[in-house]
Amino acid sequence: GQQKIEVTGNQAVTTPEVISLLGASSGERYNLYHLQKNLSRLKDRYDSLGLKKVEVSIKETGEGSNLTYLIEINEGST
């Protein structure tokens, strides 16, 4: 099976950094619970940049062992 992760909406924090903060770097096993557990790390990172109204949603799509996790970030800058 294959796991993929897609990040959208992020500008202040790079996609590789988002993935790393969520503990989903290549080679690491992760699941929805794991990603949600690490959300606070991502929020802390935004906090340190002065972005306090960031919203992140994580959706799981696909079936069986071929899953894609969609990380949608709203940095709240508008």
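One-based numbering along the sequence shown. None of the values given here were measured: they were computed from a predicted structure.
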Practice task
Take Tyr46 and Glu75 through the test side chain to side chain donor-acceptor pair (under 3.5 Å) and record every step on the way to the result.
Solution key: CA-CA 8 Å; Tyr46 274 110; Glu75 296 185 344; 2.7 Å; yes
Taking atom [atom1] of [X] and atom [atom2] of [Y], what is their separation to the nearest 0.5 Å?
{"X": "Leu42", "Y": "Leu21", "atom1": "CG", "atom2": "CG", "result": "6.0 Å"}
{"X": "Asp47", "Y": "Lys52", "atom1": "CG", "atom2": "NZ", "result": "4.0 Å"}
{"X": "Ile58", "Y": "His34", "atom1": "CD1", "atom2": "NE2", "result": "10.0 Å"}
{"X": "Leu35", "Y": "Ile5", "atom1": "CG", "atom2": "CD1", "result": "5.0 Å"}

Exercise for the section: Using modelled atom types only, decide if a donor and an acceptor are shared between the side chain of Gln3 and the backbone of Tyr30 within a distance under 3.5 Å. Expected result: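 Pair found, side chain donor or acceptor close to backbone of Tyr30.
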Practice task
Spell out, as yes or no, whether a donor-acceptor pair under 3.5 Å connects the side chain of Asn74 to the backbone of Glu55.
Solution key: no
Exercise for the section: Indicate if Leu70 and Leu67 have the same hydrophobic cluster label, given that clusters are the connected sets of ILVMFWY residues with side-chain heavy-atom separations under 4.5 angstrom. Expected result: no
Handout entry: Transitive ILVMFWY side-chain link Leu49 to Val54, under 4.5 Å
Key =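 Linked, Leu49 and Val54 end up in one cluster.
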Please tell me if the side chains of [X] and [Y] come closer than 4.5 Å, counting only heavy atoms from C-beta onward.
{"X": "Tyr69", "Y": "Glu6", "answer": "no"}
{"X": "Asn38", "Y": "Tyr33", "answer": "no"}
{"X": "Thr8", "Y": "Ile71", "answer": "no"}
{"X": "Leu22", "Y": "Arg41", "answer": "no"}

Exercise for the section: Return the set of residues passing side-chain contact (heavy atoms from CB on, under 4.5 Å) with Lys43 (not counting sequence neighbours), or none when no residue passes. Expected result: Val56
Handout entry: Closest non-hydrogen atom pair, Ser25 against Ser20
Key =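 Looking at all heavy atoms of both residues, the shortest contact is OG-CA, 3.6 Å.
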